[in-house]
Number of protein chains: 2
Amino acid sequence: MAPERPLPPMLERMWGRERAPRRGPRPRLDLATITAAAIEIADAEGLAGVSMGGVASRVGVAATALYRYVGSKEDLLTSMADAVALDPPEPGGMPWRDYAALWTRAQRDLVLAHPWVLEVTKYAPPLGPRRLLWLDRLLAALAGTGLDDGEKINVASTLTGYALTDAALAHAAGMGFEEHAGAGLEGAADYGELLAEVLDPERYPALSAAVHGGVFRGAEGWADDADFRFGLDLMLDGVEQLIARRTSKGRFGG
Amino acid sequence: MAPERPLPPMLERMWGRERAPRRGPRPRLDLATITAAAIEIADAEGLAGVSMGGVASRVGVAATALYRYVGSKEDLLTSMADAVALDPPEPGGMPWRDYAALWTRAQRDLVLAHPWVLEVTKYAPPLGPRRLLWLDRLLAALAGTGLDDGEKINVASTLTGYALTDAALAHAAGMGFEEHAGAGLEGAADYGELLAEVLDPERYPALSAAVHGGVFRGAEGWADDADFRFGLDLMLDGVEQLIARRTSKGRFGG
DNA sequence: ACCTGAACACCGTTCAAGT
DNA sequence: ACCTGAACACCGTTCAAGT
């Protein structure tokens, strides 16, 4: 009803709703510029390389000037996580299952291209313009399925979670276990070898058997693209079954 | 073959394999004590409250003494993430689906009890004794299903990812959007209200419709226990279908 | 061999002062 | 109104010195 409710300042800026300032010098920056600079640093040096001072000097300003545009470093990270998302693929007339697969894969690829997203994502519900656009498009693709809105939202968050988890695994596997989560694994050989070294077969019978059977000795490693499709199909099968249940009960119109 | 390969020092300590020191004063601490102190702080004040100095003073030692037991703060966080896991439920003779549901729910509850786990989990493959025990028990529960080891591992990581994602969502919903990811949402009312305020129905048609339809006006909120079961069943249905496929092809023995 | 204390380099954030 | 520069409180980590 009330159309002009005051939003939190950070949201105002993320949605480009800053009220034009009356007098004084014009601002030299905006949130988008600052965010883009921070993303460049994170892509090049990882999230640890992102400091307020570093971002500031990249946009040619004193560190403290950033606080005109950003409430805190946390704010900046939130903005980065939204801005790094490209536009979602368009559903067109695609069958829901094809689109959902495409949509999930695109999210996975995004994270693989910007691994620092894994450290930034606090799993907070999306509030930025790009992330919400992604959500909108999946809802649209599920329009003809007979699922209700709540179920659609649940499907979306389940798929997003899967994309994140799988990307994290693939990322970890690609690191060769040298730089692992700070666990001090410099030069450690292979995941499977480490497990074989460390596991007591009496206390870890099933896992030991799997390790000695060679589960972790795959060609490309154990988190390759086939693994991604495996889990994805598994979930989409579940969704499909749910849709079939809904449809057979005759809930078509709404 | 070579039984005494030198593991990274942090792993040695996590697995209690520290070689007994020859001479000099006996150590006053060990990794478990330090880790427990850090966990207590994180539970009470959040992860931001965990500093090397704080942990040190809690165990009665100078900050710099911790570096006898821990290579870095990252090491300590890794140890915390493993140590916080309780023992997994025992499969007994339970049907695989019941156990998988129990196992996933227990992981979700663990994260809800220690929300800082979400910030610490870099999604690195597990290497600690507790996390690997969890993995072992799920593999054991899936023993009779005809899935191969790789598939079982994939099921495990998919379910773990779901537990994390869902816990994060439930945690976020429980926060009432006051302290959200630093997005500056102090005093912001309701998630649905915020979306209604911010979304342009032309650019976000499907999502706008859902919002105005009241998806985010659930009784308990939109990330309650029913939602958890919804997604879980969805995935277990997928697993069940896969198992059915495997079984019907006659791959029983191995 | 373990622990301390001083020291280093760095960080996010504040605030008063300039324009 | 925007930006600067000095300053503050706090970090993780090192290193030489004690016992």
Side-chain angles (χ1 to χ4, degrees), chain A residues 9-10 12-13 18-35 37-38 41-42 45-80 116 119-120 181-184 186, chain B residues 9-10 12-13 18-35 37-38 41-42 45-80 116 119-120 181-184 186:
Chain A
M10 189 58 186
E12 297 275 4
R13 276 188 289 255
E18 306 191 58
R19 58 266 168 245
R22 285 300 117 89
R23 52 174 166 265
R26 295 256 267 51
R28 293 215 304 251
L29 296 170
D30 54 29
L31 179 60
T33 305
I34 295 170
T35 304
I41 296 175
E45 308 172 31
L47 202 63
V50 177
S51 67
M52 297 302 275
V55 174
S57 86
R58 184 173 260 262
V59 296
V61 108
T64 53
L66 296 184
Y67 290 90
R68 287 275 136 191
Y69 304 90
V70 157
S72 66
K73 187 182 183 183
E74 271 293 314
D75 272 4
L76 178 56
L77 296 179
T78 302
S79 176
M80 290 169 67
W116 50 267
E119 292 168 70
V120 159
E186 316 79 25
Chain B
M10 190 56 187
E12 297 274 4
R13 277 189 287 256
E18 307 191 57
R19 56 264 168 249
R22 285 299 118 85
R23 53 175 164 265
R26 295 256 266 49
R28 294 215 303 250
L29 296 169
D30 53 30
L31 179 60
T33 306
I34 295 169
T35 303
I41 296 174
E45 308 172 33
L47 201 64
V50 177
S51 67
M52 298 300 278
V55 174
S57 88
R58 184 173 260 262
V59 295
V61 109
T64 52
L66 296 185
Y67 290 89
R68 287 275 135 192
Y69 304 91
V70 157
S72 65
K73 187 183 183 183
E74 271 293 314
D75 272 4
L76 178 56
L77 296 179
T78 303
S79 176
M80 289 168 68
W116 51 267
E119 292 168 70
V120 159
E186 317 78 25

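The structure presented is a predicted model; accordingly, all values stated were derived computationally and were not measured. Throughout, protein chains are lettered first and strands after them, A, B, ... in sequence-line order, and every chain is numbered starting at 1.
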> Taking for each residue the nucleotide of DNA chain C with the nearest heavy atom, is it A:Gly71 or A:Ala48 whose nucleotide lies nearer the 5' end?
Replying inline: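 Residue closer to the 5' terminus by nearest nucleotide: A:Ala48.
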>> Which is more 5' along DNA chain C, the nucleotide nearest B:Arg28 or the one nearest A:Gly53? Just name the residue.
In response: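 Checking each residue's closest nucleotide, the 5'-ward one belongs to B:Arg28.
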>> Is any side-chain heavy atom of A:Ser72 closer than 4.5 Å to one of A:Met10?
In response: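 No, too far: nothing below the 4.5 Å cut-off.
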> Under a 4.5 Å cut-off applied to non-hydrogen side-chain atoms, are A:Val120 and A:Met80 in contact?
Replying inline: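 In short, these two side chains do not touch, never coming nearer than 4.5 Å.
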> When all nucleic acid strands are considered with a 4.0 Å heavy-atom cut-off, which category describes B:Ala62: base, sugar-phosphate, or nothing?
Replying inline: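 If one applies the 4.0 Å heavy-atom cut-off, B:Ala62 turns out to touch the sugar-phosphate alone, with no base involved.
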>> Students often get this wrong, so: under 4.0 angstrom with heavy atoms, is B:Thr64 touching a base, only sugar-phosphate, or nothing?
In response: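 Base contact - B:Thr64 has a heavy atom under 4.0 Å of at least one base atom.
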>> Tell me the closest heavy-atom pair linking B:Tyr69 and B:Pro27, and the distance in Å.
In response: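 The pair with the smallest heavy-atom distance is OH-CB, 3.3 Å.
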Considering only [options], which nucleotide approaches the side chain of [X] most closely?
X	options	answer
B:Ala65	D:dC2, C:dG12, C:dC3	C:dC3
A:Arg68	C:dG12, C:dC3, D:dC2	D:dC2
B:Pro27	C:dC2, D:dT14, D:dC2	C:dC2

>> Counting Watson-Crick and G-U wobble pairs with both distances under 3.5 Å, what is the dot-bracket string for DNA chain C, 5' to 3', using [ ] for crossing pairs and | for pairs to another strand?
In response: ||.|||||...|||||.||
> Got a second to check how far A:Met52's CE is from A:Ile34's CD1, nearest 0.5 Å?
Replying inline: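 Taking CE in A:Met52 and CD1 in A:Ile34, the distance rounds to 8.0 Å.
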> Would you say the base of C:dG12 and the side-chain of A:Ser72 have a donor-acceptor pair closer than 3.5 Å?
Replying inline: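 There is none.
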> Will you find, in the side chains of B:Asp75 and B:Thr78, an N or O donor that is under 3.5 Å from an N or O acceptor?
Replying inline: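 Not at all, the side chains of B:Asp75 and B:Thr78 share no donor-acceptor pair under 3.5 Å.
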>> Does D:dC3 have OP1 or OP2 under 4.0 Å away from a side-chain N or O of A:Tyr69?
In response: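 Checking A:Tyr69 against D:dC3: at least one side-chain N or O falls below 4.0 Å of OP1 or OP2.
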